[in-house]
**Student:** 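Right, I'll just put the structure down here and ask away after.
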Amino acid sequence: MVLLLAVVPYVLYVTGNTFWLDIFTRLVILAIAACGLNLILGLGGLVSFGHAAYIGIGAYAVGIPVYHETYGGMDAIASYNGFVHLGLALLCCAIFAFITGVISLRTRGVNFIMITMAFGQMMFYAIVSIETYGGDDGLTIDLRSELPFINLDSPLSLYGLCYISLLVVVFLTYRIRNSRFGITLQGAKSNEERMNAIGVNCYKYQLTAFVMSGVICGYAGFLLGNFTTFISPEMMDWTRSGEIMFMVILGGAAMLWGPVIGAVLFIVLEFVLSEYTVYWHLPFGLMLIFAVLFLRDGVTGAIHGLSSSGARHQS
Amino acid sequence: METSILFIQLLNGLQLGILLFLLSAGLTLTFGIMDFVNLAHGALYMLGAFFCATLTLYTGSFLLAVILAIPLTALAGFILEKLVVQHLYQRDHLDHVLATFGLILCIDTIVHSIWGPEGIAIPLPEFLNSQVELLPGIVFPTFRLLIIAIGLAAAAGLYVMVNHTRVGMLIRAGASNRTMVGALGIDISTLFSGVFALGAALAGLAGMLIAPITEASIGMGSDIIITTFVVIIIGGVGSMKGAFLAALLIGLIDTFGRSFLDDLFKLIMSGEAAETAAPAVSAMLIYILMAVILAFRPQGLFPPLTR
Amino acid sequence: MSTPILEVRNLCKSFGGVVAIDNVNIQVAEGEIHALIGPNGAGKTTLISQLSGLLQPDSGNIIFQGKDITGLPPYQFSLAGLARSFQITSVFQELTLADNVALAVQAHAGHAFRFWRNAKKDPALREPAMAYLKQVGLEERAGWLASEVSHGERRQLEIAMALATDPVLLLLDEPMAGMGREESAELIGILKNLRTEKTLLLVEHDMDAVFALADRISVLVYGQVIASGTADEIRNNSKVRSAYLGEDES
């Protein structure tokens, strides 16, 4: 699949199918966001329902400096420089994740779900209410971030950047998964009381993971802003958070490549279903319900479970 | 600041709070008794509004439409419970969230395909579509007063039902001890379906009451559900009393924030800065309030006594 | 008796008017196996929960190695050197036995803000983990998932995990619960081997185990310690006989 994602878009683009490159770019960006969410959801077992906010913050971290550089005002952040945008995106996400994490991680279960949801929606309403940046109508990004060596105006180099970013993020989560930090997180997910009994304060690890997860989604937002060049509060709506979560779960939260597979399935479903009917959300929703009712570990979980059942410890 | 404006905004805030309570009451019931998280609660609110809109069109009477639409929404809730929700009680909350998210997509699309993408306005009968002079110089829409009255009546009804009837006793017992209710020989599954349908009816009623003011539209459920969650979190998840007080609190604070915050900001900063800051802050106000309350009381103001 | 390693002073706890722990005093000396017995509902679980920080006492103090640790969060109890096992088996079901113990080793190797190195291949964690598994006789099961081994083996894993936190005092909450005769005998052997290096506070129903292991015994009835002494003293204590052994000798 790694190869497929590298070669197919390139071939399609060279043969003149630019439309497909757009689909692939969106797919890869969503996959990055899903990997980010999976850090807290899959490894930490914490159901955060507000991650679209980070994508939005990342995207507005591109849009707002560009807006001010073009139309004046707010000199401190006005810039076309990609590093300014990126720095701003990651920093704001880290701060927002830290503040909301400090509060929400003191709760568990339903409370945690609803609180993260509410904080996400708070960002949504905040952006909606700021008329300067278009409010409800959204904001057009006139110029893409300027980076050395990479011209983001070229769809192919933008895709290249997204693709490499995805590989880096997956590799990063792979290392984290098996590190002491990752194992501590998974222990807290499995049995928090026991973690306490062996002397681990889970809170600070969960908070760190929460911030990391938000930052990765913010990075995805930075890419998304540069990709679509039009951003609106709608991308931070809680139903978007639901979609990212849908990807992670559909792909299998426990699997390393689960979020990526989930993003692929999401795009494919969205694309295929919307070909047939404008009401494509209906089969989509039904599928979600059936997946929950009948598949336990997501789609990859189901595949994995089938191929390896019975063949465990040979010793 | 005139006291008459203050008084009218107080009533507006009360009216919003009452609506939020109707919504959060249903969620509190399903959560407190079945330990079930229902994201699709907002979809039932929307369904109520659309049922009422269509029935008003056919019967020509808004009041008759409401009377017919309430059992209809309850029935919709009952069917949902039997088809999907019932199979999820034993699962964890993540499954609840995902499945009910799927339900939202389905219900939204079905509503879209039946009623179309546009919202539907509901005409009010003459005697409701008027204003009353409550005090000299203070006029208030009759219908909004009616919302407050109906909401308070529903709250009182719920209070009596939960505290003084056999069903209420079962509900209270079920919340704290599920096996015990089972041991008493009560059919748990019917009790749960009934409670879910009751919650649906309350949410639907809220939708019917607001639709003549805002019109019935597809996004209405997704917008209000988060505010309802804020109410429940602040009140303490699972507590009916907490939900009631938090709903009024949120209704008042949100309304006052939107109407008076810019004046307040103008006292401490330039007019222009206040014009930009006030809408953003008032939009975030209830969430900030939630954060502050949770920072001191992670379980909300009135956490139900468990175990 | 020298200075006790754990001293419980005037501990009280009530739940909504019901007194669960009533002015309890217990002293555990270094190196001994101290057993806590009592009929159901005597308050053993409440006491254990307080001794591991899960419940806050209403009043009274818990002095451990000369330090007052009352009111600290549970993980601090563990870091101070007071490890516990759970009455209802509480292990990480989806991890292997070796991973379970390695996690406990890691917990006491300082903080775990290491994001890069593969902890599953880290000899600093694996080697001690294997040693602890061996100590409880589970080394052959190291690669199995905790959900796949027998109940008795999970109980042993509990003890290995508690040991892996390198405690001074081990708090064992009914380690024999749900075990067959043979498994119990094996566990008694394991615990006997521990007596040279650890202090044990054992809460147990199984009287054979208690009299086989304990140096001293405290008897808890209705939230009060009615007697404390050697096995023989307890056997011959008339208060204990009437309040406890007489009605529940099986």
Side-chain angles (χ1 to χ4, degrees), chain A residues 39 42-45 106 168-169 171-209 211-213 215-216 252-256 296-297 301 304-305 308-315, chain C residues 52-54 73-86 88-96 99-122 124-125 140-148 158 161-162 164-167 171 173:
Chain A
L39 203 58
L43 283 192
R106 292 170 65 191
V168 170
V169 167
F171 186 62
L172 204 71
T173 44
Y174 165 72
R175 295 304 309 208
I176 290 174
R177 179 180 287 264
N178 291 312
S179 71
R180 290 189 181 202
F181 177 78
I183 289 179
T184 306
L185 266 185
Q186 290 164 65
K189 164 190 171 184
S190 163
N191 191 339
E192 198 160 348
E193 187 185 34
R194 183 77 229 193
M195 284 305 273
N196 277 322
I198 59 175
V200 178
N201 177 9
C202 298
Y203 183 74
K204 58 183 183 183
Y205 297 101
Q206 287 164 336
L207 184 57
T208 311
V211 171
M212 288 164 71
S213 159
V215 166
I216 293 175
M255 317 290 155
L256 181 65
R296 282 301 303 162
D297 247 353
H304 190 79
S308 76
S309 63
R312 249 207 203 105
H313 47 261
Q314 293 86 0
S315 60
Chain C
S52 51
L54 288 174
Y75 71 93
Q76 294 276 14
F77 275 68
S78 168
L79 292 178
L82 205 161
R84 75 167 286 186
S85 74
F86 289 82
I88 297 162
T89 312
S90 173
V91 296
F92 303 103
Q93 298 279 0
E94 53 284 86
L95 298 183
T96 64
D99 287 343
N100 264 282
V101 183
L103 197 50
V105 174
Q106 172 185 317
H108 279 248
H111 68 76
F113 285 108
R114 296 195 194 169
F115 302 97
W116 199 251
R117 269 189 67 190
N118 192 332
K120 290 188 176 166
K121 291 176 188 153
D122 188 345
L125 300 175
E140 281 171 13
R141 292 275 189 270
W144 289 44
L145 293 179
S147 55
E148 295 171 336
E158 280 257 338
M161 288 171 75
T165 64
D166 195 22
L171 201 63
D173 192 359

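Lettering of chains follows the sequences in order, A, B, ..., and the numbering in each one begins at 1.
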**Student:** Can you list the residues that meet the side-chain hydrogen bond (donor to acceptor under 3.5 Å, both in side chains) rule with C:Ser90, with sequence neighbours excluded?
**Tutor:** A:Asn191
**Student:** Which answer fits C:Leu54, side chain, backbone, both or neither, if we ask what part of it has an atom under 4.5 Å from a heavy atom of chain A?
**Tutor:** side chain
**Student:** Can you tell me which portion of C:Leu95 sits under 4.5 Å from chain A's heavy atoms? Options are side chain, backbone, both or neither.
**Tutor:** neither
**Student:** Could you pull out all residues at least two apart from A:Phe171 that satisfy ring-ring contact (aromatic ring centres under 6.0 Å, His included)?
**Tutor:** C:Trp116
**Student:** Rounded to the nearest 0.5 Å, what separates atom CD in A:Glu192 from atom SG in A:Cys202?
**Tutor:** 4.5 Å
**Student:** Go through the atoms of C:Gln76 and report whether side chain, backbone, both or neither lie under 4.5 Å from a heavy atom of chain A.
**Tutor:** neither
**Student:** With only heavy atoms counted, which part of C:Asp122 is less than 4.5 Å from chain A, the side chain, the backbone, both or neither?
**Tutor:** side chain
**Student:** How long is the straight-line distance from CG of A:Leu43 back to CD of A:Gln206, given to the nearest 0.5 Å?
**Tutor:** 11.5 Å
**Student:** Counting only heavy atoms closer than 4.5 Å, note whether C:Phe92 contacts chain A via side chain, backbone, both or neither.
**Tutor:** both
**Student:** What's the separation between atom CG in A:Asn196 and atom CG in C:Leu79, rounded to the nearest 0.5 Å?
**Tutor:** 10.0 Å
**Student:** Quick one: do C:Asp173 and C:Phe86 satisfy side chain to side chain contact (heavy atoms under 4.5 Å, CB included)? Show the steps, please.
**Tutor:** CA-CA 5 Å; C:Asp173 192 359; C:Phe86 289 82; 5.8 Å; no
**Student:** Given heavy-atom pairs under 4.5 angstrom as the criterion, report whether the side chain, backbone, both or neither of A:Met212 touches chain C.
**Tutor:** side chain
**Student:** Tell me, for A:Gln186 versus chain C, whether the close heavy atoms (under 4.5 Å) come from the side chain, the backbone, both or neither.
**Tutor:** neither
